[in-house]
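A short write-up of the structure that comes next.
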Amino acid sequence: MTTRLEIRGFEILKGCLDVPAQHTLIDALRPVLKAAPLFSPDTPYGKPMSVRMTSAGAVGWHSDRTGYRYAPQHPQGTDWPAIPQAVLDIWNDVTGLERQPDCCLVNYYGDGARMGLHQDRDEANFSWPVVSVSLGDDALFRIGNPTRGGSTESVWLNSGDVVVMGGPARLTYHGVDRIRFRSSRLLPKGGRVNLTLRVAT
Ligand code: SIN
Ligand code: MN
């Protein structure tokens, strides 16, 4: 059963995906990870991110010393694999939009990985929402404000939770302070997978 929370304009659908649906997603992601292996992008400041990532879709998110951008290919020089239908189904269920996402960023948080407070602002049009799917270990998700600074609120995201970041909250700062490594048994080697679906172009 889904419990709907709203925090600072973010819609948090706790328990949106049951355990069988979570396993279906992990199975659907295996060929994606095989075709487009996880990599650790450098931040524009030259430090590698602690989160490893890859993408599916027409474009994938990439970062290096020249900045953040959406790229048509994986750094290994191949097109990104298609977004699995099981992932698109979540977008369709929670947004009801006809427009389909063209990027599914796959973030993997191992033990100690985190993501600093940031805005999602590399997309062409901020009127489309960003949909985030949590799988595996629990994550402490922090939500700030549409501009840098000010107070923040935190919420634990568990496996199967879905967050919709849209409307006036589309540019709200957010990040992941830490994960509780091995708190979930979904992934045999532990860790957390976060999918973010976006209309990027
Ligand atoms: C992100 O903001 O790109 C990821 C959020 C999350 O991992 O929950
Ligand atoms: Mn983000």
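Atoms within a ligand are numbered from 1 in the order they appear, just like the ligands themselves. In this chain, numbering begins with 1 at the start of the sequence shown.
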Original post:
Which of these, M165, H174, R198, has its nearest heavy atom closest to atom 2 (O) of ligand 1?
Top reply: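 Among M165, H174, R198, the closest heavy atom to atom 2 (O) of ligand 1 comes from H174.
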
Original post:
So which of Y109, Y108, Y173, W61 gets nearest to atom 7 (O) of ligand 1, if we judge by its closest heavy atom?
Top reply: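 Selected option, by shortest heavy-atom distance: Y109.
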
**OP:** Give, for atom CG of L38 and atom NE2 of H74, the distance between the pair rounded to the nearest 0.5 Å.
**Re:**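 Reported to 0.5 Å precision, the distance equals 8.0 Å.
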
Original post:
Do V163 and V193 share a hydrophobic cluster, counting only Ile, Leu, Val, Met, Phe, Trp and Tyr and linking them when any side-chain heavy atoms are less than 4.5 Å apart?
Top reply: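 No, no single cluster joins them.
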
Subject >> Evaluation steps, side-chain contact (heavy atoms from CB on, under 4.5 Å), between Q100 and N92 >> reply: CA-CA 8 Å; Q100 297 294 289; N92 294 332; 2.8 Å; yes

Original post:
Any salt bridge between D64 and R69, counting N to O under 4.0 Å?
Top reply: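 Yes.
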
Any non-hydrogen side-chain atom of [X] less than 4.5 Å from a side-chain atom of [Y]?
| X | Y | result |
| --- | --- | --- |
| M115 | N194 | no |
| V162 | L17 | yes |
| R170 | D120 | yes |

Any idea which protein heavy atom is nearest [atom], and the distance to it?
| atom | answer |
| --- | --- |
| atom 1 (C) of ligand 1 | M115 SD, 3.6 Å |
| atom 8 (O) of ligand 1 | R192 NH2, 2.9 Å |
| atom 4 (C) of ligand 1 | N194 OD1, 3.5 Å |

Subject >> Given D122, T54, N107, the one that forms side chain to side chain donor-acceptor pair (under 3.5 Å) with W61 >> reply: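 When side chain to side chain donor-acceptor pair (under 3.5 Å) is applied between W61 and each of D122, T54, N107, only D122 qualifies.
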
Original post:
Got an N/O contact under 3.5 Å between S134 and ligand 1?
Top reply: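 By distance alone, the answer is no.
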
**OP:** Just let me know how N107 lines up against ligand 1, side chain, backbone, both or neither, with a heavy-atom cut-off below 4.0 Å.
**Re:**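 Within the 4.0 Å criterion, N107 contacts ligand 1 through side-chain atoms alone.
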
Original post:
V176 heavy atoms, cut-off 4.0 Å: which ligand 1 atoms fall inside?
Top reply: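 Under 4.0 Å from V176, ligand 1 has these atoms: 6 (C), 7 (O), 8 (O).
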
Original post:
Going by the order shown, which atoms of ligand 1 are within less than 4.0 Å of some heavy atom of H118?
Top reply: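 Answer for ligand 1: 1 (C), 2 (O), 3 (O).
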
**OP:** Answer yes if the side chains of R198 and S55 hold a donor-acceptor pair under 3.5 Å, and no otherwise.
**Re:**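 No - no donor-acceptor pair under 3.5 Å links their side chains.
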
Subject >> Nearest non-hydrogen partners of S183 and D137, listed with the distance >> reply: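 In this case the closest contact between S183 and D137 is N-OD1, 3.1 Å.
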
**OP:** Can you list, by chain and residue number, the protein N, O or S atoms under 2.8 Å from the Mn ion (ligand 2)?
**Re:**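 Correct list: H118 NE2, D120 OD1, H174 NE2.
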
